[in-house]
Number of protein chains: 2
Amino acid sequence: MAKTAALPADKRVTVDEIADYLYREITSLRLLPGTRISETDIAMRFGVSRQPVRDAFRRLETMDLILVRAKKATEVRKFSIRAIEKSRFVRAAVEAAALRQAAAMCDAAGGFQLDACIALQRKALAEKDFAGFAGLDYDFHKTICEIGKVPYAFDVIRSEKEKVDRLCILGLSKEDRMPQLVADHEAIATAVKAGDAERAVTAGMAHLGRLDDTIAAILVQSAAFFEDLDPPS
Amino acid sequence: MAKTAALPADKRVTVDEIADYLYREITSLRLLPGTRISETDIAMRFGVSRQPVRDAFRRLETMDLILVRAKKATEVRKFSIRAIEKSRFVRAAVEAAALRQAAAMCDAAGGFQLDACIALQRKALAEKDFAGFAGLDYDFHKTICEIGKVPYAFDVIRSEKEKVDRLCILGLSKEDRMPQLVADHEAIATAVKAGDAERAVTAGMAHLGRLDDTIAAILVQSAAFFEDLDPPS
DNA sequence: TCGTCAAGACTTGTATCCTAGTTTTTATCC
DNA sequence: GGATAAAAACTAGGATACAAGTCTTGACGA
């Protein structure tokens, strides 16, 4: 009866390759907002026809990463202030809920996991491993969600975080902010381990708040990358 | 100079028509989970080629509404328990945050808006206008977000609500639940108007909780529509 | 009657052509 | 030289043809 081969994660096709490639290029800011990209151009570069590129464009369009207009050049979407506010709000709401859950449910094993996260972060800080720290940052927030038994919360946090991280590449290097971020994480971990939900949420919100200044600075510095910012007339 | 024509809402093309049509069909459950849909079939029905249908499929695929597998029939995605849990969690988190904002910022004008919402709901209840009530339900939650000056929060609430509403069509009619829902809304509105954030959140969470029983009932009744529910062997 | 297997009718993936609109370039006129 | 208009190059939308799998169905044999 063949059993449909136990759903082996559908064969990867060209469209996946291209969509993933463009996703990485855009979210890593190697493709700047406003950059024009052409189906034909990408197709030639990959040595395929326009068709799979079109499909990839449609996917990215749904993710609001590119702007496709009939008969006009497709371009990488600019940042939207409203989208950033929304992202920040959602992330704050979800992160607060996850922290409350984590504080309520954290046991010895969870505390150990958090300690391990913090230790790795301290190590990265000491070694000035800025690139590695980004991954550890994700791991920390993921661990919080896992301790709170709300793994899906991390899906949301990551997806919102990616949107803002793209922005922050424009700002100052992480070098200056890293010590503060590690200290924040320590405060959060301590509160969670103590089961003090309110303190954990307060610390978490303070942590998120660090982004606000960074974003405000980028907004004036890179106004050309924002779409809902009227040029001064 | 030219000012890029003030982004005049791009021309609507065939792909939008088809994607919207399929979106409505799926979210309204006229197309049941597991139903197979074919590019060719839809194309013939719309009198167009496969191309725009294909583009629409890609859009819906990104929204997780359909499952496209190479060389195999495309089908309407089944419900996922994990997706429902995620949706419920996100909505609870965002709704709680919006209620806190609303309670903190509600003024006389906001109170008046809430009263107007409630009055319309009472009217719909008295007239047994179940269809109309659905719209009023959305309006109420939208008003909360507007009072809290977090309009983007409603984008999230609506999108999560749509996912679950699709499910609830499978359950009992709204007829039985309507009085309870209106009472919930009244409790929420009263707390918001009084500026009592914690009471508003408590009432809001109780309101959301009504869904849990409904969903649990649907889960056993319509197990065939769920994808991550192993059939009893 | 049941199992096996092969043919054919599906499915989506990819390539290519044409069309209609936009943008840029170039030529022309003042 | 600068403004204007024609023309060429470029854009994505749509239609069609073919390729490469998958599924169904029915014939055939045990």
Side-chain angles (χ1 to χ4, degrees), chain A residues 1-22 26 31 33-78, chain B residues 1-22 26 31 33-78:
Chain A
M1 289 304 137
K3 251 187 193 299
T4 71
L7 56 135
D10 286 328
K11 250 177 297 268
R12 234 183 123 66
V13 284
T14 317
V15 54
D16 298 313
E17 303 277 357
I18 297 175
D20 284 2
Y21 167 77
L22 289 173
I26 293 173
L31 278 176
T35 305
R36 292 187 175 176
I37 52 180
S38 144
E39 289 182 0
T40 315
D41 181 47
I42 307 283
M44 282 194 305
R45 229 187 302 169
F46 276 80
V48 296
S49 77
R50 267 182 58 211
Q51 187 60 56
V53 181
R54 277 185 72 163
D55 292 343
F57 272 32
R58 281 266 122 81
R59 196 176 288 183
L60 295 167
E61 183 191 27
T62 310
M63 291 193 261
D64 279 336
L65 284 177
I66 63 176
L67 192 60
V68 181
R69 289 117 84 212
K71 322 282 167 72
K72 284 196 262 191
T74 294
E75 62 181 47
V76 179
R77 277 209 107 164
K78 299 190 173 185
Chain B
M1 306 300 141
K3 257 187 188 299
T4 71
L7 53 137
D10 286 326
K11 249 180 297 274
R12 233 182 124 67
V13 285
T14 315
V15 53
D16 298 312
E17 304 277 355
I18 297 175
D20 284 2
Y21 167 77
L22 288 174
I26 293 173
L31 278 176
T35 306
R36 291 187 176 177
I37 52 181
S38 142
E39 291 180 1
T40 315
D41 182 48
I42 307 282
M44 283 194 305
R45 232 187 301 167
F46 276 79
V48 297
S49 79
R50 267 182 58 208
Q51 188 61 58
V53 179
R54 205 180 149 69
D55 291 342
F57 272 33
R58 282 265 117 86
R59 196 176 287 182
L60 295 168
E61 184 190 27
T62 309
M63 291 193 265
D64 280 336
L65 283 177
I66 64 176
L67 192 61
V68 181
R69 288 120 83 214
K71 322 277 168 80
K72 283 195 261 190
T74 295
E75 62 181 45
V76 179
R77 277 208 105 165
K78 298 192 173 184

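Below, chain A is the first sequence line, B the second, and so on; all start at residue 1.
When distances run from any side-chain atom of K72(B) to the nucleotides dG13(C), dT22(D), dT22(C), the shortest one goes to dT22(D). Out of dT12(C), dG14(D), dT11(D), the shortest distance to the side chain of F57(B) is found at dT12(C). The side chain of P52(A) lies closest to dA15(C), out of dA12(D), dA15(D), dA15(C).
T14(B) has no side-chain polar atom (N or O) that falls below the 4.0 Å cut-off from OP1 or OP2 of dG13(D). For T74(B), a side-chain nitrogen or oxygen approaches OP1 or OP2 of dT12(C) to under 4.0 Å. Between R58(A) and dG13(D) there is a side-chain N or O to OP1 or OP2 distance below 4.0 Å. Within the structure, every side-chain polar atom (N or O) of S49(B) is placed at least 4.0 Å from both OP1 and OP2 of dG14(D).
Contact between D64(B) and R77(B) at its shortest, heavy atoms only, is O-CD, 3.1 Å. Considering all non-hydrogen atoms of both residues, A56(A) and A19(A) come closest at CB-N, 3.8 Å.
Distance, E39(B) CD to dA9(C) P: 20 Å, rounded to whole Å.
Taking 4.5 Å as the limit, some side-chain heavy atom of D16(B) sits within range of a side-chain heavy atom of R59(B).
If you check distances only, the side chain of R54(A) does reach the base of dG14(D) with a donor-acceptor pair under 3.5 Å.
Both K71(A) and A73(B) lie close to DNA chain D; mapped to their nearest nucleotides by heavy-atom distance, the more 5′-ward contact belongs to K71(A). Mapped onto DNA chain D by nearest heavy atom, D55(B) and R50(B) fall at different nucleotides, with D55(B) at the one closer to the 5' end.
Here the options are L60(B), V53(B), I66(B), the test is side chain to side chain contact (heavy atoms under 4.5 Å, CB included), and the partner is I37(B); only I66(B) passes.
Counting non-hydrogen atoms under 4.0 angstrom, Q51(B) reaches a base of the nucleic acid.
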